[in-house]
Structure formats: C-alpha cells, structure tokens
Amino acid sequence: MKKIAVIGAGQMGNGIAHVFAQNGYPVNLIDVKQEALDKAFATIGKNLDRQVAKGSITEEDKQKTLSNIALCTDMASACSDRELIVEAATENIDLKLKIFNQLDSFAPANCILATNTSSISITRIAAATQRPQHVIGMHFMNPVPVMKLVEVIRGYSTTDEVNQTVVDLSKAIGKIPVTVNDYPGFVANKILMPMINEAIYTLYEGTAGVEEIDTIMKLGMAHPMGPLRLADFIGLDTCLSILRVLHDGFGNPKYAPCPLLVNMVTAGKLGDKKGEGFYSYSDPKNPVVSASFVKH
Ligand code: CAA
C-alpha cells in the first residue's frame, strides 16, 4: 500500500497529508477549492518548519515531504490509481454520503475508503457504496503531526483484512492504532464530549469560572489543556454536533448539550477558528478568558 489520497484540505486533512508524506507516501491532497489547497500546503510548510527548528527533522526531510504532496481539484482523476483514500471533509453527513458515493465509482475496486469522521456512523457511510467491506474509520486526533493515536473504527461489514491493513499502515506512519466498534461517538468522543459538556455545565451553573475549571483539570488531572480550552481548540460547533450524535444515537438525556454551548454556537462563538469561544484569541499565542465570562 503506497498511493494515498486525502480528501479535504482543512485542519485535519492537511495534518493527515503531512504525516503520510513525511513517512514517504505519495499523497494526492484533494479539495474543491484551489485556495484551500494553497493554504493547507502553506500550513504544512509552517508545521514542518517547527519540526526543523526543533531538530526533529532536517531541511532536506522537509523538502522531501513537500515533494510527496500533489494538490488536486479533480477528485475523479486524483483517486483513479489510489490504494487508500482518507476522507477528511467537513463533518456533514450528506456531504460525506455524496463523497463516498462518488469515490465508489472513481476509486479502483480494491481501494480502501477510510473516513476521518469524529462521530458519524461508519456503517451508514459504507452503505453509500457498493463496497461496505472496504470502508473503515481512521480517526486521527488534532494536531495530527503530534498526537499518537489513530482510532480505527470497524463498520458493520468491514473485513478483518481491511482492519489489519489500516492498523499496519497506521503503525508505518508512526501512530498507535486502536480498533473499536461502530457505535455513536466510538470511544474517544463518547468519553471526551460528556467531560467537555460537564465542564460547560459547571461554568453555566456558576460553580466556577473558565480559568478555575481549566486549571483544576490541567493541574489536578494532568490534562495538557483544560476542557474549555480544548473545546475551543476542537471547535464548539464540532463539540455540539458530536453531542447531538450521542444524544440521538443512545436516546439518553445524559448527553443533552448544555444550553450555553448551544447559545455560543448560535452566536458564532466557535473557538479558535473564529477568534473567540470561552477564550479570546486576538493574540492566538496568548488566549485570555472571553469578556463574556470575566467576572465583574
Ligand atoms: N504540527 C507539528 N508540530 C506541532 C503542531 C503541529 N500542528 N502543534 C504543536 N506541535 C509541536 C510543537 O512543535 C512542540 O514540539 P516539541 O515537543 O518537539 O517541542 C509540541 O508539539 C508541543 O507544542 P507547543 O510547545 O507549541 O505547545 P504545548 O506544549 O502547549 O502543546 C498541544 C500543544 C500538543 C496541542 C497540547 O496542548 C495538547 O496535547 N493538547 C491536547 C490536544 C488534544 O487533546 N487533542 C485531541 C483533540 S480531540 C480530536 O482531535 C478528535 C475529535 O474528534 C474531536
């Protein structure tokens, strides 16, 4: 397995392309917009510069990595000779179903179709194709070049062989794969999102402020980021949509999203990507608690 395609040049797509390319895999990075591809390529360059500055790779490694990435806007031709395609488009079920339906006709018959979805059912996505046995979840964590885990999700029909191929490939790119079954939120988000939701409830109920909650979880539980800072980093819209998948999928009120989260998403306060969430990112290197949550 050598030839890879990554669909979607957003935050996750550029990280996934970066890691495959750095490990010697030729990657077609595909997006409908050329400007999104150019932005992703510049971001990969900047992230590689960090690694060069830290001495973990050389300037030559950086150039080799970049030369392994081809930017493509024509999905049909960019997928026609691939062995693995990882879809990392926006987290929207209709869009993903459409992409998988198209991939089924564009990709070679034995090509594995993976999705980086954070919570949409793999079985449902697989049903949009004629090859559900070749469809699998490959859930990378953000920032992809740094985080070791790949949560591998077996759909209802995914074969042992396809699972093993994806596990081996994940190891070959320096990641640690863990295979799980296809139920709402899989494992990572079934556990992470209720914690984030509980942190938001704790703020909403006035038990403590943003900094207090995050400091307690950082210092008390040795989390690298507090849950509110992490929610901003992931994107509050993404957190809300995953909570809705859990709530709908299990029908259990314990997953009901906190009304404060719903309000913030409605108001467009989505976290890092919009410059404000629980924190304000006017200076992205020094986030400060958003004015909405500063006690007077
Ligand atoms: N590309 C390459 N390297 C990067 C990078 C990137 N995008 N971002 C950070 N780094 C590197 C830095 O260069 C640095 O390298 P060294 O260890 O060699 O010095 C290292 O990562 C640490 O970065 P920083 O020193 O800048 O900052 P930090 O110590 O605060 O770490 C962090 C940043 C890695 C993001 C850390 O805060 C962290 O681990 N946060 C938690 C992240 C997390 O939980 N991610 C999962 C989110 S959930 C998800 O993704 C799935 C979902 O479905 C919602």
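As the structure lists them, so they are numbered: ligands from 1, and atoms in each ligand from 1. We count residues from 1, following the sequence as given.
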> What part of His223 sits under 4.0 Å from ligand 1 if we count only heavy atoms: the side chain, the backbone, both or neither?
Replying inline: neither

> What is the nearest protein non-hydrogen atom to atom 21 (O) of ligand 1, stated with its residue, atom name and distance?
Replying inline: Val146 CG2, 3.5 Å

> What atoms in ligand 1 come closer than 4.0 Å to a heavy atom of Pro224?
Replying inline: 38 (C), 39 (O), 40 (N), 41 (C)

> Do Glu87 and Lys96 sit within salt-bridge range, that is, some charged N less than 4.0 Å from a carboxylate O?
Replying inline: yes

>> Using a 4.0 Å cutoff against the non-hydrogen atoms of Pro143, which atoms of ligand 1 qualify?
In response: 7 (N), 8 (N), 35 (C)

>> My question is simple, although I want it checked carefully: is atom 33 (C) of ligand 1 less than 4.0 angstrom from any protein heavy atom?
In response: no

> Does atom 25 (O) of ligand 1 have any protein heavy atom closer than 4.0 Å?
Replying inline: no

> Is the shortest side-chain N to carboxylate O distance from Glu83 to Lys3 below 4.0 Å?
Replying inline: no

>> Any protein heavy-atom neighbour for atom 28 (P) of ligand 1 (distance below 4.0 angstrom)?
In response: no

>> I'd like to know if atom 11 (C) of ligand 1 has any protein heavy atom within a distance of less than 4.0 Å.
In response: yes

>> To check your reading of the model: name the closest protein heavy atom to atom 13 (O) of ligand 1, its residue, and the distance in Å.
In response: Arg50 CD, 3.5 Å

> Just to confirm, does any protein heavy atom lie below 4.0 Å from atom 45 (N) of ligand 1?
Replying inline: yes

> Can you tell me if Thr115 and Thr117 form a side-chain donor-acceptor pair at under 3.5 Å?
Replying inline: no

> atom 40 (N) of ligand 1: protein heavy atom closer than 4.0 Å?
Replying inline: yes

> With a 4.0 Å heavy-atom cut-off (strictly under), which part of His18 contacts ligand 1: side chain, backbone, both or neither?
Replying inline: neither

>> Working note: Ile30 + Val6, criterion side chain to side chain contact (heavy atoms under 4.5 Å, CB included); need CA distance, chi angles, decisive distance, verdict.
In response: CA-CA 6 Å; Ile30 305 165; Val6 176; over 6 Å; no

> Side chain, backbone, both or neither: which part of Leu230 comes within less than 4.0 Å of ligand 1 when only heavy atoms are counted?
Replying inline: side chain

>> What I want to find out is whether Lys39 reaches Asp31 closely enough, with some N-O distance under 4.0 Å, to be called a salt bridge.
In response: no

> Counting each atom of ligand 1 from 1 as listed, which ones have a heavy atom of Pro145 under 4.0 Å away?
Replying inline: 1 (N), 2 (C)

>> With heavy-atom distances below 4.0 Å as the criterion, list the atoms of ligand 1 near Ser118.
In response: 53 (O)

>> If you apply the rule salt bridge (Lys or Arg N to Asp or Glu O under 4.0 Å), what do you find for Asp272 with Arg229, and how did you get there?
In response: CA-CA 9 Å; Asp272 296 36; Arg229 174 72 194 91; 3.0 Å; yes

>> Could you check whether Asp182 pairs with Arg124 (Lys NZ or Arg NE/NH1/NH2 to Asp/Glu carboxylate O, under 4.0 Å)?
In response: no

> Are there protein heavy-atom neighbours of atom 8 (N) of ligand 1 below 4.0 Å?
Replying inline: yes

>> Main chain of Tyr279, side chain of Asp232: is a donor-acceptor contact present, judged purely on distance under 3.5 Å?
In response: yes

> Side chain, backbone, both or neither: which part of Val144 comes within less than 4.0 Å of ligand 1 when only heavy atoms are counted?
Replying inline: neither

> Among side-chain atoms of Asp168 and Gln164, is any donor-acceptor pair under 3.5 angstrom?
Replying inline: yes

>> At less than 4.0 angstrom from any non-hydrogen atom of Lys54, what atoms of ligand 1 do you find?
In response: 13 (O), 15 (O), 16 (P), 18 (O), 19 (O)

> Closest non-hydrogen protein atom to atom 49 (C) of ligand 1, residue and atom name please, with distance?
Replying inline: Met141 SD, 3.8 Å

> Do you know which two heavy atoms are closest between Pro194 and Leu246, and how far apart they sit?
Replying inline: CD-CD1, 4.3 Å

>> Heavy atom to atom 53 (O) of ligand 1, shortest distance: which of His139, Met193, Met147 holds it?
In response: His139

> Is it true that Arg154 and Asp160 make a salt bridge, defined as a side-chain N closer than 4.0 Å to a carboxylate O?
Replying inline: yes

>> Assess the residue pair Ile85 and Ile4 against the criterion (side chain to side chain contact (heavy atoms under 4.5 Å, CB included)); give the C-alpha distance rounded to whole Å, side-chain angles, the decisive distance to 0.1 Å, and a yes or no.
In response: CA-CA 6 Å; Ile85 301 174; Ile4 312 288; over 6 Å; no

> What protein heavy atom sits nearest atom 50 (O) of ligand 1, and how far away is it?
Replying inline: Asn142 N, 2.9 Å

>> Looking at every non-hydrogen atom in both residues, tell me the closest pair between Gln133 and Val162 and how far apart they are.
In response: O-CG2, 3.5 Å

